[in-house]
Amino acid sequence: MRKLHSFSAFLGFIFLLHLVLAVLVDSYDGPLYDYTAHTECKLRPEKPLYNGGILRNRPSILQNTGSSSAAAYSPAFLLRNLTDHTFYSFSSWVKVGGAVSSVVRASLRTESDTHNCIGTVLAKRGCWSFLKGGFFLNSPSNFSILFFQVFDDGDANIAIDSASLQPFTEEEWRVRKRAVTVHVSDKQGGRLEGAVIHVKQISKDFPFGSAIAKTIIGNLPYQDWFVKRFNAAVFENELKWYATEPEPGALNYTTADRMLEFIRANQITARGHNIFWEDPKYTPPWVRNLTGAALQSAVDLRIKGLLSRYRDEFIHWDVSNEMLHFDFYEKGLGGNATLHFYKTAHEIDPLATLFMNEFNVVETCSDVKSTADSYIDRLKELKRNGVSMDGIGLEGHFTVPNPPLIRAILDKLATLDLPVWLTEVDISKALNQETQASYLEAVLREGFSHPAVGGIVLWTALHPNGCYQMCLTDSNFQNLPAGNVVDKLLKEWRTGDIEAKTDDHGSFSFYGFLGEYEVNVKYENRTVTSTFPVSVGDETKHFSIQL
């Protein structure tokens, strides 16, 4: 990356420009959030989202004029009067010249802060690629600059078109509800006006859970605390190869079996994590010393033994964990090792959804190994080679989350039409507990509200000495600040009991969270009780009941 010149020095260069060309930020009621994203490279850019938003479809106002100050910020937009506590969604079509392809990132500098990465795209020569990202400001900015640079110190010329910047208030950030209309009639189809309706949500249709460890075995207070809150779980370490076979042939599934008994007894959905871990640091030492046929034999025994034992027990398997960052097995077994893992897993446990689980995809866009485009390209490559890859696993180990960036990355991954799960969510222990809780709430709200996200699992297994990064409770199961956030959201994400009367059309409408509902209808001396599901969908859910 070119060394950036000081922001104060640059102000002198652009002062005259911004008097005429600066983009003014207006206060107005904007449209609903647009989940549109693109992954294919196009000959021509599409129209800008929100008709350009506050950029008003202007071209970039700075180009490389030869000045060293301008080059560091070229192309760029000058922005005035950005407001605090506002979500800004940014998008642009990008094309590069020179290199065959380059990772281009967008950044933002204000008077007091620098957002090094608010979005990235793998831009290709000769066609237009779609960058989508955004930012959230904790303090207002009278003057700032949004600019583009090549990630790898390259000198590729960057062209942009159809850029858009759209602000949203916190209230405009959509929640995960669906419109429901209940129709009440008699047996002949006549509408019944004034029927008394009681609606109650009896279950949730969104898996939300946490990692658990062997510490939950026989620990009734821990089990009780967990079951009251969660309907999903993952074993933190107990299925990993180093846990089930620390020495060659010394298989021990006792701990995992007992944890699975707890899962079954409480009807909890469980993910299988993981079959292989590409990071050699977490590969059994005896496996690291194997090569060639010996290594192939060991991995075959591992995958066949594990999945044959737990066939149909886990809804997901993380097959080859963190393959964008590490490649231990492909180095040892060749480029087809990952293909073999996925194909074998699907043959043995065909009903399980096979996931590609990775970190720093949604947490940041500063890791060039795991940008959204890198993830998508790798997944598409595996599927082209016949892999049954049907799940997107985003770990979610955050430090400072950027909600608009999270949403933009989810938008792009959603174009694959595969289930997306946040699989290991926590907030860095470098932050205090109150800050952890605040950031956790932002992440959970973003994940829960996105229509592509099918479930969320926290990485908060409790141990005597604490948790990996973030705990929800203390050792006595008294909530810590993060636990209070979870309880608050669990209550908020459940539709309250509703009592109403049908209108002159014999109908009653409401917005409800996804899940199973019980409806009780009374009209004169007649009463009927029934149930209906509210699942993912943009259209209004209609349910008819007769008396």
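Count residues from 1 along the sequence.
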How many angstroms lie between CG in Asn360 and OG in Ser374, if you round to the nearest 0.5 Å?
-> 11.5 Å
Spatial distance of atom NZ (Lys132) from atom CG (Leu410) [nearest 0.5 Å] = 10.0 Å
With a 4.5 Å limit on heavy-atom distance, are the side chains of [X] and [Y] in contact?
{"X": "Leu458", "Y": "Leu472", "answer": "yes"}
{"X": "Ile158", "Y": "Val150", "answer": "yes"}
{"X": "Tyr50", "Y": "Leu165", "answer": "no"}
{"X": "Tyr88", "Y": "Phe136", "answer": "no"}
{"X": "Ser112", "Y": "Ser139", "answer": "yes"}

Hits for side chain to side chain contact (heavy atoms under 4.5 Å, CB included) against Leu480, two or more places apart or cross-chain, chain-then-number order -> Gln433, Cys471, Asp474
When you check the gap from the basic side-chain N to the acidic O, do Glu441 and Arg445 get nearer than 4.0 Å?
-> yes
N-O pairing of Asp373 and Lys412 below 4.0 Å = yes
Test of ring centre spacing under 6.0 Å for Phe314 and His273 = no
Distance alone, cut at 3.5 Å: any donor-acceptor contact between the side chains of [X] and [Y]?
{"X": "Glu424", "Y": "Asn357", "result": "yes"}
{"X": "Asp113", "Y": "Thr110", "result": "no"}
{"X": "Thr371", "Y": "Thr120", "result": "no"}
{"X": "Thr83", "Y": "Thr86", "result": "yes"}
{"X": "Ser107", "Y": "Asn116", "result": "no"}

Do Arg178's NZ or CZ and the ring of Tyr511 fall within the cation-pi criteria of under 6.0 Å and 45°?
-> no
Does the cation-pi check pass for Arg105 over Phe148, that is, NZ or CZ under 6.0 Å from the six-membered ring centre and within 45° of its axis?
-> no
Any idea how [X] and [Y] line up, ring-wise: parallel (<30°), tilted (30 to 60°), or perpendicular (>60°)?
{"X": "Phe359", "Y": "His325", "result": "parallel"}
{"X": "His397", "Y": "Tyr468", "result": "perpendicular"}
{"X": "His115", "Y": "Phe135", "result": "tilted"}
{"X": "Phe90", "Y": "Phe77", "result": "perpendicular"}
{"X": "Trp93", "Y": "Phe130", "result": "tilted"}

Sequence neighbours excluded, every pair satisfying disulfide bond (SG atoms under 2.5 Å apart) that has a member inside residues 363-395 | Cys117-Cys365
Partner residues of [X] under the salt bridge (Lys or Arg N to Asp or Glu O under 4.0 Å) criterion, sequence neighbours left out:
{"X": "Arg494", "value": "none"}
{"X": "Asp367", "value": "none"}
{"X": "Lys42", "value": "Glu40, Glu46"}

Qualifying salt bridge (charged side-chain N to carboxylate O under 4.0 Å, His left out) pairs, either residue in residues 383-401, two or more places apart = Lys383-Asp390
Can you check side chain to side chain donor-acceptor pair (under 3.5 Å) on Asp487 and Asn479, steps first, answer last?
-> CA-CA 9 Å; Asp487 284 356; Asn479 272 3; 2.7 Å; yes
Audit row: Phe448, Trp493, ring pair (Phe, Tyr, Trp, His ring centres under 6.0 Å) steps and yes/no | CA-CA 9 Å; Phe448 183 78; Trp493 292 341; 3.9 Å; yes
Decide side-chain contact (heavy atoms from CB on, under 4.5 Å) for Leu78 and Phe143; before the verdict, give the C-alpha distance in whole Å, the side-chain angles of both, and the deciding distance to 0.1 Å.
-> CA-CA 7 Å; Leu78 305 180; Phe143 183 81; 4.1 Å; yes
List the steps, then state whether side chain to side chain donor-acceptor pair (under 3.5 Å) holds for Tyr439 with Ser428.
-> CA-CA 10 Å; Tyr439 287 167; Ser428 172; over 6 Å; no
